[in-house]
K.L.:
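Questions regarding the structure given below will be posed in turn.
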Amino acid sequence: MRKSLLLSTILASIGAFALVGGVLLLVDPGAPKHEAIKTGGLAGGAIVALYALWLNDRRRKVEEARQELESQRIEHDRSRVADERFARAVELLGHEAAQVRVGAMHALAGLAKSRPEYAQTVLDILCAYLRRPYKKTKNDPEEIELEVRLTSQRLIEDLLPRVGEENAPRYDLNLTKAHLEFMDLSYRQVGDLYMRVARFEDSNSFHHMLVHGHLYVTEAESNGRFYLHHTEIRGKAWFSRFRSRGLAVFTETEFGGPTKFENSQWADVKADGCTFAVEPVLPEAWRS
């Protein structure tokens with residue numbers, strides 16, 4: 001096809017040369033012949049130049065298409081490798097060796113950082129690990145398991161955007177029925193935060209957070225210090241049937257939506273400076 005186009009272009013160029021030159025000689029027989037030849041040559045050359053421009057444009061488009069296909073192939077390969085890494089890491093979370101499970105968690109966190117589309121799924125998996133049945137004892141095997149769980153908590157914290165980070169993704173955390181110990185999400189922002197029927201041990205920090213959505217801590221139990229001060233909760237905040245046996249600090253927290261404390265129990269609360277967009281029915285411990 002390219003050869004036929006080239007031949008047609010050459011013939012068209014010769015034809016333009018002959019036509020333009022001939023017309024000029026016919027119109028003005030007295031004009032210098034070299035001027036007619038020169039003008040005819042320019043006309044023929046213009047056709048060749050147009051063909052060259054077309055050919056360059058065609059080559060550019062072909063090269064762009066080739067590069068696009070190559071980019072798609074590379075991205076496909078990366079996605080395939082990422083999917084394989086993801087599947088392998090999830091499989092290793094069930095390994096009996098604690099160090100293997102820790103390695104799998106770090107692999108998942110690394111994948112979430114390099115490919116943000118995995119971030120919410122990885123957070124869901126790390127939260128699911130914390131929802132596994134667990135009872136703290138003084139036996140060594142359980143202490144090792146605690147270290148694995150602390151790793152999961154730290155990685156969750158590390159994957160969440162910090163407060164003040166503009167246009168940050170809003171990740172949801174589902175920690176329903178989770179066993180949490182030294183959980184620290186301070187100065188982080190989330191979408192929805194679910195901690196229904198969770199068990200909090202020792203000290204857990206959710207202060208200076210921004211919760212864009214809802215916070216549910218219904219039927220949860222805290223046996224240590226529970227810090228949720230200087231936090232902004234823009235959605236609902238439910239503490240129904242929450243039992244706090246230690247110190248709970250809510251100082252200057254902003255509740256931007258409906259808040260419930262129905263049938264909750266509080267041993268020691270510090271809630272000075274709290275603000276409520278919708279005035280709740282406060283427990284006696286919060287009013288004193």
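Positions are given from 1 along the sequence. None of the values given here were measured: they were computed from a predicted structure.
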K.L.:
Can you run down the side-chain hydrogen bond (donor to acceptor under 3.5 Å, both in side chains) pairs that involve residues 156-165, sequence neighbours left out, and say none if there aren't any?
P.N.:
K113-D158

K.L.:
Residues sharing Y216's hydrophobic cluster, by side-chain heavy-atom contacts under 4.5 Å among ILVMFWY, directly or via others?
P.N.:
Y194, W238

K.L.:
Other members of the hydrophobic cluster containing V100, with the 4.5 Å side-chain heavy-atom rule, please.
P.N.:
L92

K.L.:
Who pairs with F261 by ring-ring contact (aromatic ring centres under 6.0 Å, His included), at least two apart in sequence or on another chain?
P.N.:
F239, W286

K.L.:
Under the side-chain contact (heavy atoms from CB on, under 4.5 Å) rule, collect the residues that match up with A277, sequence neighbours excluded.
P.N.:
none

K.L.:
Sequence neighbours left out, what passes side-chain contact (heavy atoms from CB on, under 4.5 Å) with V190? Give chain and number order.
P.N.:
L160, L173, L193, M209, V211

K.L.:
Taking distance alone, no hydrogens or angles, what donor-acceptor pairs closer than 3.5 Å link side-chain atoms of residues 245-252 to residues at least two apart or in another chain?
P.N.:
| from | atom 1 | to | atom 2 | distance (Å) |
| --- | --- | --- | --- | --- |
| R245 | NH1 | E221 | OE2 | 2.3 |
| R245 | NH1 | N223 | OD1 | 2.8 |
| T251 | OG1 | D272 | OD1 | 3.3 |

K.L.:
How would you list, by chain and number, every residue that makes a side-chain contact (heavy atoms from CB on, under 4.5 Å) with H179, sequence neighbours excluded?
P.N.:
Y134, R149, E181, R199, E201

K.L.:
What pair of heavy atoms forms the shortest contact from A109 to L155, and how long is it?
P.N.:
CB-CD2, 3.9 Å

K.L.:
Please go through L210's hydrophobic cluster and name the other residues, only I, L, V, M, F, W, Y counting, with side-chain heavy atoms under 4.5 Å joining them.
P.N.:
V163

K.L.:
Taking the inter-plane angle between the rings of Y118 and F86 on a 0 to 90° scale, is it parallel (under 30°), tilted (30 to 60°) or perpendicular (over 60°)?
P.N.:
tilted

K.L.:
Residues in salt bridge (charged side-chain N to carboxylate O under 4.0 Å, His left out) with R88, at least two apart?
P.N.:
E91

K.L.:
Which residue pairs pass the salt bridge (Lys or Arg N to Asp or Glu O under 4.0 Å) test when at least one of the two sits in residues 257-267, sequence neighbours left out?
P.N.:
none

K.L.:
Sequence neighbours excluded, which residues qualify as ring-ring contact (aromatic ring centres under 6.0 Å, His included) partners of F276?
P.N.:
F255

